[in-house]
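Scroll down for the structure; my scribbles are underneath it.
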2 protein chains.
Amino acid sequence: MDSRTKILEAAARLFARQGFAGVSIQAIAEQVGITKPSLLYHFPSKEQLREQVLVELFSHWATRLPNLLRAVTTGEGQFEALMDELTSFFHEDPDRARLVIREIMDRPDEMRASIASSLGPLVSLVADTMRKGQRSGLLRDDVDPEAYVLNAIGVAMASVVAAPVVGPIVGPDGKGAPSRLDRELRRIAHSSLFSEPARGAPKRRPAGRQRASVER
Amino acid sequence: MDSRTKILEAAARLFARQGFAGVSIQAIAEQVGITKPSLLYHFPSKEQLREQVLVELFSHWATRLPNLLRAVTTGEGQFEALMDELTSFFHEDPDRARLVIREIMDRPDEMRASIASSLGPLVSLVADTMRKGQRSGLLRDDVDPEAYVLNAIGVAMASVVAAPVVGPIVGPDGKGAPSRLDRELRRIAHSSLFSEPARGAPKRRPAGRQRASVER
DNA sequence: CCTACCGATCGGTAGG
DNA sequence: CCTACCGATCGGTAGG
């Protein structure tokens, strides 16, 4: 792997974990195994390194977009597929979420533009598909599609970052399986989106956990 | 207002906006109108200043807890009251959310402890109340109470931070009124929590927006 | 609460 | 890609 790539990866990791201001280019250089001036040969300033890290992140996001779109436009399991794709993107590397969240807080104005352009089209497309689902009666008609999608993305990011800190409060999750927090989040997203099946004819049961039989 | 308080407020604001590492004690001192050594007379180190800022934040939180608990244990509008209290706490000063989120990312281990002890009891209490609601049939029985509450708190914080950046994508919100994102979030929280009213006997209508009459 | 000052580290450059 | 070095700023101290 060439130095440039190694630098970008180390920088992304460190920026995500300690914030841009909390990381010296010296520290990044050390992790890569070169000196500070050598790093500055590849990226002329710390600021430009930051920008390139973000470019890489968004381009990685763009790579995944086709998967997301296929999930939206393909037949039945749209919802599950879309949520899987969304959560796994951040789950397989939580630093992605951390990086975006930090950037949103550190430089909201700059991020407004990049997020609008990178997320806007996706949101519109998913929202249009959702409106079809509303007309067919599959989805609740009180859903606000654009707002729903954006909230879903935001929650996916937030939950990945909060998990290690807040997860233990609901008890340790069985290794492997999704945590209680994740399962509940999925249930919330599901049940607030789909119309209740006509009573007595529940084709599928609610996604999260199976229905306990209760006194009623 | 005494210097100590002024320092704490300036530090909270700056830490929230630029992160702990991104703020020099010199910068804080300037905003207060004193010199750096003067600030260090009140707080012996930057690190101790940070700790005190967090102590203040959590104690402010503790001040609000009685309101929250009253909201939970008082009769009918429990849900709306609790959500109002939760969102207004972060809405009236978004820096609170920013500060907590930064701290979660910067020092997850330390925050695990403080959050468990400050939030744990509240979560248990609300969860117990919710279980009663489940037994009475008011709340869906597939809700995971602890996980639901924690997710609600997380979402309240995340939405406050994300709003200025992600809000414009769904269009400008009418000034004053809650944004589309906020309304949709409330609707999601509501409709994923309450059982559907027996068809044809809807005492109240769904919180968010009114039901449009649709072809079905 | 201030002036004066400390060593260490910051981002970055010169020159090879 | 490195050695050597720059001025500026960092957190913090001495002394009053």
Side-chain angles (χ1 to χ4, degrees), chain A residues 1-57 95 98-99 102-111, chain B residues 1-57 95 98-99 102-111:
Chain A
M1 200 193 315
D2 63 329
S3 284
R4 200 192 133 86
T5 309
K6 278 200 273 193
I7 293 169
L8 282 170
E9 289 184 0
R13 242 193 96 203
L14 290 172
F15 288 161
R17 285 167 148 78
Q18 317 182 37
F20 181 72
V23 179
S24 63
I25 47 185
Q26 165 79 344
I28 301 170
E30 261 169 37
Q31 265 219 359
V32 176
I34 58 178
T35 63
K36 191 170 57 163
S38 305
L39 187 154
L40 286 165
Y41 163 78
H42 293 282
F43 300 91
S45 74
K46 193 190 178 188
E47 177 58 27
Q48 298 218 33
L49 174 54
R50 187 191 66 88
E51 281 165 24
Q52 278 310 307
V53 166
L54 284 185
V55 167
E56 290 290 315
L57 180 79
D95 284 341
R98 282 187 258 266
L99 211 46
R102 283 198 195 273
E103 215 54 31
I104 285 176
M105 291 195 295
D106 288 350
R107 339 169 92 83
D109 296 325
E110 289 89 327
M111 278 305 266
Chain B
M1 198 194 316
D2 64 330
S3 285
R4 200 192 132 85
T5 310
K6 278 199 274 194
I7 293 169
L8 282 171
E9 288 185 0
R13 242 193 95 204
L14 290 172
F15 288 162
R17 284 166 148 78
Q18 317 180 37
F20 180 72
V23 178
S24 63
I25 47 186
Q26 164 80 345
I28 301 168
E30 261 169 37
Q31 264 217 5
V32 176
I34 59 179
T35 63
K36 191 170 57 166
S38 304
L39 187 155
L40 286 165
Y41 163 78
H42 294 282
F43 301 90
S45 74
K46 194 190 177 188
E47 177 59 27
Q48 298 218 33
L49 174 55
R50 187 191 67 87
E51 282 165 24
Q52 278 309 306
V53 166
L54 284 185
V55 167
E56 289 290 314
L57 180 80
D95 284 341
R98 282 188 257 266
L99 211 45
R102 283 198 194 273
E103 215 54 32
I104 285 176
M105 292 195 294
D106 288 349
R107 339 169 90 85
D109 295 326
E110 289 89 328
M111 279 305 267

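So you know, we letter chains A, B, ... as the sequences are listed, proteins then strands, and number each from 1.
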Evaluate the side chain to side chain contact (heavy atoms under 4.5 Å, CB included) criterion for residues A/Phe43 and A/Leu8: first the C-alpha distance (whole Å), next the side-chain angles of each, then the deciding distance (0.1 Å), finally the verdict. CA-CA 10 Å; A/Phe43 300 91; A/Leu8 282 170; 3.7 Å; yes
Distance, rounded to the nearest Å, where [X] contributes [atom1] and [N] contributes [atom2]:
X       : N      : atom1 : atom2 : result
A/Leu40 : D/dA4  : CG    : C1'   : 15 Å
B/Ile7  : D/dG11 : CD1   : C1'   : 15 Å
A/Arg50 : C/dG12 : CZ    : P     : 12 Å
B/Gln26 : D/dA8  : CD    : P     : 15 Å
A/Phe43 : C/dG11 : CZ    : P     : 15 Å
B/Ile28 : C/dC1  : CD1   : P     : 15 Å
A/Leu39 : C/dC10 : CG    : P     : 13 Å
A/Tyr41 : D/dT3  : OH    : P     : 17 Å

Do [X] and [Y] make a side-chain contact, defined as non-hydrogen atoms from C-beta onward lying under 4.5 Å apart?
X       : Y        : value
B/Leu39 : B/Leu49  : yes
B/Gln52 : B/Arg4   : yes
B/Arg98 : B/Glu103 : no
B/Leu99 : B/Val53  : yes

Any chance you could measure A/Asp109, atom CG, to A/Ile104, atom CD1, to the nearest 0.5 Å?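 Rounded to the nearest 0.5 Å, the CG-CD1 separation comes to 12.5 Å.
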Between A/Arg50 and A/Asp106, is there a side-chain N and carboxylate O pair less than 4.0 Å apart? no
Could you tell me whether the side chain of B/Lys36 has a donor or acceptor atom within less than 3.5 Å of a complementary atom in the base of D/dG12? yes
Among residues two or more places apart or on two chains, list those pairs meeting salt bridge (charged side-chain N to carboxylate O under 4.0 Å, His left out) that have a residue in residues 13-32 of chain B.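 Listed by first then second residue: B/Arg17-B/Asp95.
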What does B/Val23 touch in the nucleic acid at a heavy-atom separation under 4.0 angstrom: a base, only the sugar-phosphate, or nothing?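 Sugar-phosphate only.
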Counting any heavy atom closer than 4.0 Å, what does A/Ser24 reach on the DNA or RNA strands: base, sugar-phosphate only, or nothing? sugar-phosphate
Those stems involving DNA chain C that have three or more consecutive Watson-Crick or G-U pairs, both distances under 3.5 Å, are C:1-16 with D:1-16
Considering just the side-chain nitrogens and oxygens of B/Thr35, establish if one lies under 4.0 Å of OP1 or OP2 belonging to C/dC2. yes
With 3.5 Å as the limit, what N/O pairs link the protein to nucleotides 14-16 of chain D?
none

Cation-pi, B/Phe20 ring and B/Lys46 (6.0 angstrom, 45 degrees):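 Yes.
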